[in-house]
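Input: a single structure, listed below in structure tokens.
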Amino acid sequence: MSKLKWSFDYCSAWNRGTALYLQWANRHGISYPRLMVLYALMTAGEMTQKEICEGFGLVKQTVNTVVRDLKKNKYIILKAGQADRREKKISLTEEGRIYAEKWVNPLLKTEKRIFEIIGCERMKQMQDTLELFNILFENEMRGDKQE
């Protein structure tokens with residue numbers, strides 16, 4: 001397989017996964033950014049906006065808009081961080097947890113069925129490989145190495 005074909009196949013597979021999550025959100029009547037913020041808070045617990053942006057590849061302003069709306073509806077609370085008081089930790093309120101479960105639990109059930117088909121070992125290998133790719137890609141960008 002040529003290097004260009006491999007690059008296309010890899011990039012296509014990666015982006016198709018994101019597109020499928022976007023389609024899932026649309027089919028269930030929620031925006032993708034809102035779903036991902038709720039997903040992050042449900043699965044990882046307390047997080048900052050920066051952590052959500054970095055973890056899910058979302059734009060800061062988009063996350064901020066979702067967070068402001070969730071706060072207005074009393075689904076989340078913001079607490080000053082211990083290390084940097086300007087950085088706010090976001091967590092779900094009890095009402096927010098109920099709201100998030102409505103959207104996130106069906107997605108988690110879908111993922112669980114898929115994970116069981118693929119198997120834990122292959123899923124872990126995939127995660128490890130993607131994390132390594134991301135680290136190496138980030139290092140390349142820092143060095144601005146281009147061939």
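- From F133, atom CZ reaches atom OH of Y10 across 4.0 Å, with rounding to the nearest 0.5 Å.
- Residues satisfying the side chain to side chain donor-acceptor pair (under 3.5 Å) criterion with R68, sequence neighbours excluded, are N64.
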Inset, instruction - Any chance you could lay out the side-chain contact (heavy atoms from CB on, under 4.5 Å) test for L70 and L38, step after step, and finish with the verdict? - result: CA-CA 9 Å; L70 292 172; L38 294 171; 4.1 Å; yes
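- Under a hydrophobic-cluster definition in which Ile, Leu, Val, Met, Phe, Trp and Tyr are linked whenever side-chain heavy atoms come within less than 4.5 Å, directly or via other members, I77 and Y75 are assigned to different clusters.
- In this structure, I90 and I52 have side chains that are in contact, with non-hydrogen atoms separated by less than 4.5 Å.
- In this structure, CG on L22 lies 9.5 Å from CE on M36, to the nearest 0.5 angstrom.
- The local environment of CZ in F8 is sparse, with at most 12 non-hydrogen atoms from other residues, nucleotides or ligands closer than 6.0 Å.
- Hydrophobic clustering (ILVMFWY, side-chain heavy atoms < 4.5 Å, transitive): I114 and L130 are in one cluster.
- Nearest heavy atoms, K71 versus L78: CD-CD1, 3.6 Å.
- E111 meets the side-chain contact (heavy atoms from CB on, under 4.5 Å) test with Y21, Y39, L107, L108, F115; sequence neighbours excluded.
- Connection of M126 to I118 is established within a shared hydrophobic cluster, with ILVMFWY side chains joined at heavy-atom distances below 4.5 Å, either directly or through further cluster members.
- A 4.5 Å side-chain heavy-atom check between T18 and Y32 finds at least one atom pair inside the cut-off.
- Listed by first then second residue, pairs satisfying salt bridge (Lys or Arg N to Asp or Glu O under 4.0 Å) with a partner in residues 34-52 read R34-D69, E46-K79, E51-K89, not counting sequence neighbours.
- Residue E116 qualifies as enclosed at atom CD: its count of foreign heavy atoms under 6.0 Å is above 12.
- The CH2 atom of W6 sits 9.5 Å away from the SG atom of C11 when rounded to the nearest 0.5 Å.
- Between W24 and H28, the angle of the ring planes stays under 30°, which puts this pair in the parallel group of the 30/60° scheme.
- In this structure the side chain of Q127 never reaches within 4.5 angstrom of the side chain of M123, judged on heavy atoms.
- With contacts defined as side-chain heavy-atom distances shorter than 4.5 Å, the pair V66/L58 does not qualify.
- Note: Q49 CD to T62 OG1 = 11.0 Å, rounded to the nearest 0.5 Å.
- Salt bridge absent: E101 and R97 never bring a charged side-chain N and a carboxylate O closer than 4.0 Å.
- Smallest separation of non-hydrogen atoms from M42 and A100: CG-CB, 3.5 Å.
- For the atom pair T48 OG1 and E54 CD, the distance stands at 7.5 Å (nearest 0.5 Å).
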